[in-house]
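First up is the structure itself, then whatever we jot down about it.
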Amino acid sequence: MSKIARLLAAMLISAALAGCETPPPHMEPGMVTTVPGTMPIVLPLTITGDQILVELEAQRPDGGLRKIWAVVNMGHARPMLQKHLYHELEIDQGRRLSFRLGGIPISVDAGLVLPLDDAAYPARQVGPFFFSQNVEAVLQADTLEQFEIVLDYADKTMTLAKPGSLKPEGVAVPIRVNQETGLAVVDLTVDGTAFPVVIDCGGGYTWARPSVIQKFLVAHPSWERADGAVGPSNYNMLDYAFEKQGTVVRLPDAAIGSMPVKDVGVMATGP
């Protein structure tokens, strides 16, 4: 399987048949900037618990560099920092978030950056997730939307390139990208019906609206696998009603554009 095919197959596992976040304030030109420099750049990834981690070098107010582990979450728009780092980098005072990713300088307007509650390894960090490193930040979609990106789960690398500069491998499928958030959507076809699916490499399982899945279960009741989140679908491992009340199904045949995907696990949950 090619790198692109592996990418799409892996990212589908963490997609959702709905939007993931309330859009941020209207993005004006210059709110996220980068200096192209030498590209493409290939960065090593750390993959833990179906999450992608990268190391950033943030610029401190005194001009020094601060290394930060960040989780890549393309299902949300706005970058996030734990509160101690949010204050340390003076984002709360209106200072832009400036950092290097693989040597590429990126600068984000302070108004786009959100604070997170503090938590340190080995506790849950960045929401309900556990990581093998001390993760202090979330790298979101709008921060990366100026690049052409390849996430290779098999080789554990991220490639950043100028748009249109890479020769794609594998099966090309159409996507739609929200220019204000960077969120990417593909159409997932199930049983002859296409539905919009957010590509979310920050999630650990495919989620769908119950109203969507229920239509399939009427015609295919054998697709239901569990009442309530079990196994990998119990991703948060907390007493969440939306997981306990979810329905886990297995889609035997589906497709993203012309690329078939087989035996996709989905949990129907949420409003």
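For the pair T46 and W69, the minimum side-chain heavy-atom distance is below 4.5 Å. Side-chain contact between D152 and T159 is absent, with no heavy atoms from C-beta onward closer than 4.5 Å. For the pair T143 and F99, the minimum side-chain heavy-atom distance is below 4.5 Å. Considering only heavy atoms from C-beta on, K83 comes within 4.5 Å of D117 through its side chain. At a threshold of 4.5 Å between non-hydrogen side-chain atoms, the residues V266 and V190 do not count as touching.
One hydrophobic cluster, built from ILVMFWY side chains closer than 4.5 Å, holds both V177 and V186. Linking ILVMFWY residues whenever their side-chain heavy atoms come closer than 4.5 Å, directly or via other members, places I47 and L160 in the same cluster. L97 and L65 are not part of a single hydrophobic cluster, where members link through side-chain heavy atoms under 4.5 Å apart. Note on F242 and Y205: same hydrophobic cluster, where clusters join Ile, Leu, Val, Met, Phe, Trp and Tyr whose side-chain heavy atoms are under 4.5 Å apart, directly or indirectly. Using a 4.5 Å cut-off between side-chain heavy atoms of Ile, Leu, Val, Met, Phe, Trp and Tyr, with links allowed through other members, I175 and L188 fall into the same hydrophobic cluster.
Of all heavy-atom pairs spanning P196 and R176, the tightest one is CB-NH2, 3.8 Å. Heavy-atom minimum distance, S258 versus V173: N-CG1, 4.2 Å. Residue R60 comes nearest to L89 through the heavy atom pair CA-CD2, 4.1 Å, listed as atom of the first residue, atom of the second, then distance. In terms of heavy-atom proximity, A110 sits nearest to R95 at CB-O, 3.5 Å. The shortest heavy-atom contact between E148 and S165 is OE1-N, 3.7 Å. Taking every heavy atom of both residues into account, E136 and K67 meet most closely at OE1-O, 4.3 Å.
M158 CE to L139 CG: the interatomic distance, rounded to the nearest 0.5 Å, is 6.5 Å. With values rounded to the nearest 0.5 angstrom, L166 atom CG is found 10.5 Å from I149 atom CD1. Distance OG1/T193 to CG/D187: 11.5 Å, rounded to 0.5 Å. One distance of note links CD1 of I106 with CG of L56; it measures 8.0 Å at 0.5 Å rounding. With values rounded to the nearest 0.5 angstrom, R225 atom CZ is found 10.0 Å from L251 atom CG. A distance of 8.0 Å separates CG in L85 from CD1 in I91, rounded to the nearest 0.5 Å.
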Are I52 and Y153 close enough, and set up right, to give a side chain to side chain contact (heavy atoms under 4.5 Å, CB included), and what steps lead you there?
CA-CA 9 Å; I52 297 173; Y153 284 75; 3.5 Å; yes
Side chain to side chain contact (heavy atoms under 4.5 Å, CB included) between E243 and N234: does it pass, once the steps are laid out?
CA-CA 7 Å; E243 288 190 330; N234 186 19; 3.2 Å; yes
Side chain to side chain contact (heavy atoms under 4.5 Å, CB included), that's the test. Do W223 and R250 meet it? Break it down for me.
CA-CA 5 Å; W223 288 5; R250 178 71 63 183; 5.8 Å; no
Test side chain to side chain contact (heavy atoms under 4.5 Å, CB included) applied to I41 and F147, step by step:
CA-CA 11 Å; I41 296 290; F147 300 101; over 6 Å; no
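Between the side chain of N73 and the backbone N or O of V138 there is no donor-acceptor pair closer than 3.5 Å. Distance alone, capped at 3.5 Å, places no donor-acceptor pair between the T247 side chain and the D227 backbone. Using modelled atom types, no side-chain atom of R100 and backbone atom of E57 make a donor-acceptor pair closer than 3.5 Å. A donor-acceptor pair under 3.5 Å is formed between the side chain of Q82 and the backbone N or O of V135.
Ring geometry for F216 versus F195: interplanar angle over 60°, hence perpendicular rather than tilted (30 to 60°).
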